[in-house]
Amino acid sequence: MSRVCQVTGKSPLVGNKVSHANNKTKRRFNPNLQERRFWLESERRFVKLRISTKGLRTIDKYGIEKVLKDIKKREKEDKQG
């Protein structure tokens, strides 16, 4: 399973790990992903999402119903274009 937030679309970044001696080696900065279950009252079921902590804040702000509607809309646009 890829390390991508299903709400915000955040994915790993690539950068350098810099030692005290200033040696540089490649490393990945992974997003802080959490696996959470959300209850959908309209469908009377749980939905499991792999989301970042910023995605959790987005759901707290707008609600799970609106966020899921936006995700489905984005997926539909990706398939068309």
Side-chain angles (χ1 to χ4, degrees):
M1 191 180 285
S2 63
R3 296 180 183 272
V4 177
C5 175
Q6 292 177 308
V7 174
T8 61
K10 284 187 174 205
S11 60
L13 297 173
V14 178
N16 286 319
K17 183 175 185 175
V18 181
S19 70
H20 183 68
N22 208 26
N23 298 330
K24 295 170 183 73
T25 56
K26 286 291 187 182
R27 62 159 289 189
R28 284 172 55 133
F29 293 93
N30 290 320
N32 186 6
L33 293 182
Q34 312 291 320
E35 195 164 289
R36 290 281 192 268
R37 288 186 336 154
F38 295 97
W39 175 252
L40 285 179
E41 188 60 41
S42 61
E43 298 180 20
R44 309 274 304 151
R45 69 182 183 100
F46 281 102
V47 173
K48 191 185 277 191
L49 293 176
R50 192 170 165 141
I51 57 176
S52 63
T53 50
K54 185 174 180 179
L56 273 172
R57 290 173 51 120
T58 303
I59 290 172
D60 286 344
K61 184 173 182 178
Y62 297 111
I64 186 67
E65 301 282 343
K66 182 179 183 316
V67 171
L68 283 178
K69 193 169 81 172
D70 291 344
I71 291 172
K72 289 177 184 175
K73 181 181 173 186
R74 190 179 339 131
E75 288 176 354
K76 185 178 177 185
E77 290 173 356
D78 288 345
K79 287 181 181 177
Q80 289 178 353

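Residue numbers start at 1 and run along the sequence shown.
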Might you confirm whether atom CZ of Arg57 has over 12 heavy atoms from other residues, nucleotides or ligands at distances under 6.0 Å? no
Side chain to side chain contact (heavy atoms under 4.5 Å, CB included) against Thr53, all qualifying residues, sequence neighbours excluded: Asn32, Gln34
Quick one: hydrophobic cluster around Phe46, which other residues, with the 4.5 Å side-chain cut-off, linked directly or via members? Trp39
Across all chains, not counting sequence neighbours, the side chain to side chain donor-acceptor pair (under 3.5 Å) partners of Asn22 are Lys24
Return the minimal non-hydrogen interatomic distance between Ser52 and Lys10, and the atom names on each side. OG-CD, 4.2 Å
Considering residues at least two apart in sequence or located in another chain, which fulfil the side chain to side chain donor-acceptor pair (under 3.5 Å) criterion with Arg45? Glu43
Going by the salt bridge (Lys or Arg N to Asp or Glu O under 4.0 Å) test, which pairs reach into residues 59-71, not counting sequence neighbours? Lys66-Asp70
Under the side chain to side chain contact (heavy atoms under 4.5 Å, CB included) test, which residues partner Arg28, sequence neighbours left out? Arg3, Pro12, Asn30
Pairing residues for Lys26 by the side chain to side chain contact (heavy atoms under 4.5 Å, CB included) criterion, not counting sequence neighbours: Val14, Asn16
Partners meeting side chain to side chain donor-acceptor pair (under 3.5 Å) with Glu75 (sequence neighbours left out): none
Whichever hydrophobic residues join Leu56 through chains of side-chain contacts under 4.5 Å: Val7, Phe38, Leu40, Val47, Leu49, Ile51, Ile59, Tyr62, Ile64, Val67, Leu68, Ile71
Restricting to non-hydrogen atoms, name the atom on Val4 and the atom on Ser11 that form the minimum distance, rounded to 0.1 Å. CG2-CB, 4.0 Å
Got a sec, which pairs hit ring-ring contact (aromatic ring centres under 6.0 Å, His included) with one end in residues 5-26, sequence neighbours left out? none
